[in-house]
Amino acid sequence: MPEAAELPTRREEAWRYSAVERLQGEALDRWRTIDIAAGESVRETLVIADGDGSRPTELHRWRVTIGEGATCELFAVLASAEYARLEIEVTLKRGAHFEFGGITVGGRDTVREFVTRTIHAEPEATSNQTVRSVHWGHGTGNFLGNIDVVRDAQKTDAAQDFKGLLLEKGASVNAVPQLEIFADDVKCAHGASVGQLDETARFYMAARGLSPELARRLLVQAFLGDALVGLEDDAQREELMQVALDKVDRYL
Amino acid sequence: MLKIDNLHAEIDGKTILNGLSLTVPAGEVHAIMGPNGAGKSTLAYVLGGRPGYEVTQGSVEFNGIDLLDMEPHERAAAGLFLGFQYPVEIPGVSNLQFLREALNSQRKARGEEPLTGGEFLKLAKDKAALLKLDPDMLKRHVNVGFSGGEKKRAEMVQMGILNPRFAVLDETDSGLDIDALRVVGEGINAIMRAPDKGVLLITHYQRLLEVVKPDRVSILSRGRIVKTGGPELAVELENEGYDAVMAPETANA
Ligand SMILES: Nc1ncnc2c1ncn2[C@@H]1O[C@H](COP(=O)(O)OP(=O)(O)O)[C@@H](O)[C@H]1O
Ligand SMILES: [Mg+2]
């Protein structure tokens with residue numbers, strides 16, 4: 001079959017706000033598998049910085065299984081110059097925990113996005129996902145988050161939180177939470193909002209002597225911080241934050 | 001030190017300051033009193049350079065330089081401090097980070113060496129103690145979850161740390177109980193009473209002026225100064241009210 005025929009289209013929910021034209025020639029069926037044994041704990045980070053190291057299309061698809069009582073923590077920063085997508089399909093066993101913190105940042109006319117499908121397959125598992133997106137130019141940040149709670153997955157606790165910060169007119173964000181819940185004793189929380197830099201705060205900071213650039217940096221840092229609070233390793237957290245802040249400083 | 005001449009300013013095309021003139025020499029505390037809506041906060045914001053507050057006429061000279069020509073952060077580096085009537089909350093940014101960046105930005109602009117973390121921390125703790133603010137509050141996010149009185153006290157701690165040459169304090173006394181009022185008033189005296197410094201003290205009440213004794217008192221009404229006198233003018237206002245004190249002026253106007 002010719003490869004072009006297999007390319008997804010924007011009619012598919014998971015690709016609705018995507019840059020599907022950038023998928024030409026990509027190995028769409030390639031998934032990275034992460035299996036976490038019962039009781040184990042795994043932390044992974046993905047950093048797509050802007051620079052020579054990143055490819056024109058950064059497509060990452062991870063399929064994660066979290067065993068009974070195990071924990072998986074994923075943190076990602078998508079700060080690429082071009083299209084970037086991290087797609088995570090995660091299945092939680094009894095009492096497992098999934099923690100996800102994601103940042104998209106950038107301008108130009110391109111898309112940076114997270115698409116997650118979180119399957120609570122057994123009871124008492126918890127998941128917490130926090131995404132922060134900062135964009136300018138014609139940059140777009142997306143968070144499509146599916147949460148499936150199967151029939152027997154009682155005492156599931158799943159949370160999803162998205163905030164977008166638009167630094168210029170023309171930038172945009174999309175947040176689409178999708179909940180499919182077939183158990184009755186379940187907690188599911190989701191929130192999404194979008195805004196701009198707080199002008200009152202900017203003036204207050206200027207009145208104390210901060211340049212507009214430094215004030216913006218502090219406000220963006222505060223905004224993005226939520227996505228990384230779950231990352232306990234200080235050095236790692238600072239490294240991820242630095243990639244995002246450098247991007248803002250260099251290109252805006 | 002501060003010379004405001006025939007200042008006109010508008011917000012959204014609406015004229016708020018209407019030919020305001022006022023001079024504050026070095027070494028003086030000048031109190032501004034006036035009814036609600038007179039334009040007191042607008043004056044403070046115009047001096048600070050708040051976006052949206054457009055000066056249409058007049059001039060402001062600060063230590064011989066044109067204040068209105070500078071960006072807000074440059075005014076701060078030049079030694080101007082604006083105490084906000086409603087201090088702003090900044091979630092996610094700690095007081096210590098905010099103030100250290102602010103102080104070192106100002107020092108850099110003036111060609112001075114930055115303070116180290118240790119030096120800064122000591123300075124911040126000293127000023128918190130001066131204003132009787134729990135030093136743990138310095139670690140908290142800027143003004144987030146502070147009571148009205150704590151915000152005003154924190155504002156004065158900021159002033160102590162930044163050590164400005166001139167302070168415009170907009171209703172720093174509102175929201176303070178009697179004890180806090182004394183602490184804040186004495187803080188203002190300790191930080192700003194000096195021969196080479198000046199203060200524009202915007203207030204509604206005589207109470208603060210009993211602690212921070214002003215050299216001059218002006219009444220601001222409808223966007224201009226309608227009367228200036230000594231400290232006795234504030235007492236007169238307290239006893240007789242704006243209408244009575246201003247009546248002869250408005251009759252002539
Ligand atoms: N953002 C604004 N847009 C339009 N009018 C404003 C704005 N802020 C203040 N004003 C008006 O300007 C006048 C002066 O306000 P203000 O300077 O806050 O007075 P004061 O501090 O003396 O109480 C009032 O009539 C007020 O309604
Ligand atoms: Mg006011």
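So that the names make sense, note that chain A is the first sequence line, chain B the second, and so on, each numbered from 1. On a predicted model such as this, the values are computed, not experimentally measured, just so you know.
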A:T71 and A:S41: CA distance, side-chain angles, deciding distance, side-chain hydrogen bond (donor to acceptor under 3.5 Å, both in side chains) verdict: CA-CA 5 Å; A:T71 296; A:S41 177; 4.8 Å; no
Contact part of [X] toward chain A, heavy-atom cut-off under 4.5 Å: side chain, backbone, both or neither?
X     : answer
B:E74 : neither
B:I90 : side chain
B:R75 : neither
B:E71 : neither

Assert yes or no for the condition that the ring centre distance of A:F203 to B:F84 is strictly below 6.0 Å. yes
Report yes if the distance between the aromatic ring centroids of B:F81 and B:F166 is under 6.0 Å, otherwise no. no
Contacting region of A:E199 [heavy-atom separation from chain B under 4.5 Å]: neither
Is A:L210 close to chain B through its backbone or its side chain, or both, or neither, when contacts mean heavy atoms under 4.5 Å? both
List the steps, then state whether salt bridge (Lys or Arg N to Asp or Glu O under 4.0 Å) holds for A:R132 with A:D161. CA-CA 8 Å; A:R132 295 290 179 266; A:D161 183 57; 2.7 Å; yes
For each of A:A201, A:S211, A:A207, tally heavy-atom pairs with chain B at distances under 4.5 Å, and name the one with the top tally. A:S211
Between B:K151 and B:G145 (side chain of the first, backbone of the second, donor and acceptor by atom type, cut-off under 3.5 Å), is there such a pair? no
Pair A:E113, A:N142: side-chain N/O donor-acceptor within cut-off below 3.5 Å: yes
